[in-house]
Each structure stands twice: as structure tokens, then as C-alpha cells.
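Only one structure is covered here, and it is reproduced in the block below.
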Amino acid sequence: MPHFNPLVEKLSPPPVPSVLAWAKSYDGSRGPLIDLSQAVPGYPAHPDMLAWLGEAAASTAYTGYGAIEGEAVLREAYAEHVAGLYGAAITADNIHVTSGCNQAFICTAMAIASAGDTILMTNPYYFNQETTLSMLGINVELVPCDAGHGFLPEVDAIAAALRPGIRALALVSPNNPTGAIYPPELLSRIHQACRTNGTWLILDETYRDFLPDAGAAPHGLLQTEGWQDSFIGLYSFSKSFCIPGHRLGAITAGSALVDQVTKIMDNLQICAPRSAQAAVAKAIPALADWRLGNRAEIATRADALRDVMSRLPQWKLQAIGAYFAYIRHPFPDIDSQFVAEKLAKLAGVVCLPGDYFGEGQENYLRFAFANADADTIRQLEERLAGFNLPGL
């Protein structure tokens, strides 16, 4: 028998492919499949974005290795964007480009924690972050988020979990899986609790471009004096520019942290995809209005789902925001994996079970509604209203 790394071998298989496999058994009797499983934009990239990608990919200028920290043109463009959004003194030295936000997270975790250290996460959590820490041998402790509080983390609960030696607290806002949006004042209080304990705050803001108010900064943490020693921001270009297949993300941090990440990236990948970096550097300023239009479109889809759920009293909308809604299903004695499987196979609605996002989440389902337009979302009313489990 072959021997594998036990930290990897004990992990479950990637969850999204298993859910999509259920959909293959759907017979189409309720209408076209409604795929709410994966957080992908349900509309194409801008034609200019595609043209810039094509031009850069066909250029010999981007066929060689690039700067480990990222192309200077993208680091500068993104730093300018972040500085304007947060009203903060951010420069290219604060930016490290990665191959997607998952890579940004693993680089960050490796830079600040060793095997045997502990990082706090909320429950429910984004499963890729939990499995990343597990396979690195980094201990994970969970701070529960209560449905009665809209799945927002509570400062007192976080403060109670913090103790000497806790290397970091990892948060996601807007949240995956719940969609909960963490208010700026809440993030400020959490950051202060982390600083008091000597703990890093890692904030994954992959979905921040789909917050309701385009003119408001999501938080003021980058204006805090000395933030470089306590805060790390993560981001993905995949959702805003509809290019998840090009794998591009970024870390915003103090230059000392960027230096540590550079050592890690040199071993992981050397540099993020170069042609995509060149294209995104152009797109950040040029497609600002297009991105605002997409923000409005996602808000329309969220409103459509709120409307649908308001007429389905047995299915309770517990939280919603950006790309996600967290739904309490009406089968309290049956785990969410079984419910999600039957929804896919019998009703043609594909979503992720709450079980995938932590302990005690068996009553919930995650709907990634950004993947479907408003008309498709409205079809959920009939599908969910008429859905029941065999034998019940």
C-alpha cells in the first residue's frame, strides 16, 4: 500500500465536484438545471478584457519569468485602487500578486504560522481555508457565529478565544458561505482585540466589489497607525473581472510581510500568470463603470432571491450578501448533504450543503446566487415550494 502525507490523506475530496456529480442524475423534469453551487460570475468578461488578455498572451514580452512579487504595472495600479477605496497611503511595496486568492491565503498562512501554531476561524468557515491550514499542520480553533446575529462574529467571543500564541484570526467579508457583511465598526473592534493580543487579522475581501454601497470604504483598518504589523488583506480579481480561470489574486500588507511571501512564492510558483496581470492592470481603471454595473446586477439578483424566499416560509433566509445566501432548509432532522443531494437530483437545484462549512451547519444550504440571473432565481419558488424528501 502506498504511503501519503497523513495531513493531506485525511482531507475530504474537493467539495464542488462532488456536488456537480449529483446534478448529472437530474432528469430535467422540473426544467433546466439551476446551478447555485460555485461562486462564479454568471455573465461574461468585458470584450476589452478578453482582447487585452489575448494580446498579452500572444506577446513574447510575457513568456518569460516575471517579478515574484507581481508585475510592477499591476502592483502600482492595484495599490492606487486600494489607496483610493480606503483613503489610505498604500503603495506598490504593500502589494504582492498571487495566483488566485486561495494562493494568497496559503502564502499568508505560511508566512506567519508554523506547524503546531494555531489560527482562529469563524464557524461556519470557508472550507478551502480550513483545509489549507490542516494540511500545513496548523491548528484551527473555531469561534461560533450565531444565526440569530446574522452570522456576524461577536467581539466578546473572539476576545475570549484569543490567548498568547494565537497567530492569526482569519475572516471573510462579505462572508463565504453566509453572505454576511461585517460592518466597519465591527471589524475595527475585532482588529483592536487582535492587536492587543499580538495576533494578526487576515481579512479575505474577495467579494468586496459587490457590497451595496460603492462609495463607502468597507472598513478603516488601513488607516490605523501601524496596521502593517497586525493586518493582512486578501483579494481576488476573478469575480470583478470574470476571469476565475486566469487565477489572479493579491495580498495587501506591510512590506516586511510582502518580503516573506516572496520567499514562499518563489517555491510555489515563481510568479503569478503574467499576461493576465498585464490585462488586469489596464482593466482596473478602464472598466470601473462596467464593474459598477455588475455590482448593480448582482444586487438585482439578491433582491430576486429575497423576494422568492419571502414567499417560502418553510425555507428561512438567514443571511445574504454579495454572492451568497445562507438558507435554513425545512428538514431539521436530516443533514444538509442529504437534502442538497436530493435537491440536485429531484428538483434540479444545485447548491452546497452547510455541512461542508463546519460543525453544526447541517440545517443550512449555501446558494451562490450570483451564478444565476433574476429570471432563473424566480424559478426557485416553484421548485422549492414543491420539494419534499422521499418518504416524508
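Residue numbers count from 1 along this sequence.
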Quick one: list whatever passes ring pair (Phe, Tyr, Trp, His ring centres under 6.0 Å) with [X], sequence neighbours left out.
X    : answer
H81  : none
F127 : F357
W227 : none
H219 : Y86, F231

With a cutoff of under 4.5 Å between side-chain heavy atoms, which Ile, Leu, Val, Met, Phe, Trp and Tyr residues group with I181?
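Taking Ile, Leu, Val, Met, Phe, Trp and Tyr as members, I181 shares its hydrophobic cluster with L211.
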Remaining members of hydrophobic cluster (4.5 Å side-chain criterion), I270:
Y65
Output all residues satisfying side-chain hydrogen bond (donor to acceptor under 3.5 Å, both in side chains) with [X], sequence neighbours left out; order by chain, then residue number.
X    : answer
T196 : Q192
R189 : none
R366 : N176
Y26  : none

Distance-only criterion, 3.5 Å: show the donor-acceptor pairs between side-chain atoms of residues 115-125 and protein atoms not counting sequence neighbours.
| from | atom 1 | to | atom 2 | distance (Å) |
| --- | --- | --- | --- | --- |
| D117 | OD2 | S114 | N | 2.8 |
| T122 | OG1 | P124 | O | 3.2 |
| N123 | ND2 | E359 | O | 2.9 |

Tell me whether Q223 at atom CD has more than 12 heavy atoms from other residues, nucleotides or ligands lying less than 6.0 Å away.
yes
Once salt bridge (charged side-chain N to carboxylate O under 4.0 Å, His left out) is applied, what residue pairs with a partner in residues 155-175 remain, sequence neighbours excluded?
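Applying salt bridge (charged side-chain N to carboxylate O under 4.0 Å, His left out) to every pair that reaches into residues 155-175, excluding sequence neighbours, yields E141-R163.
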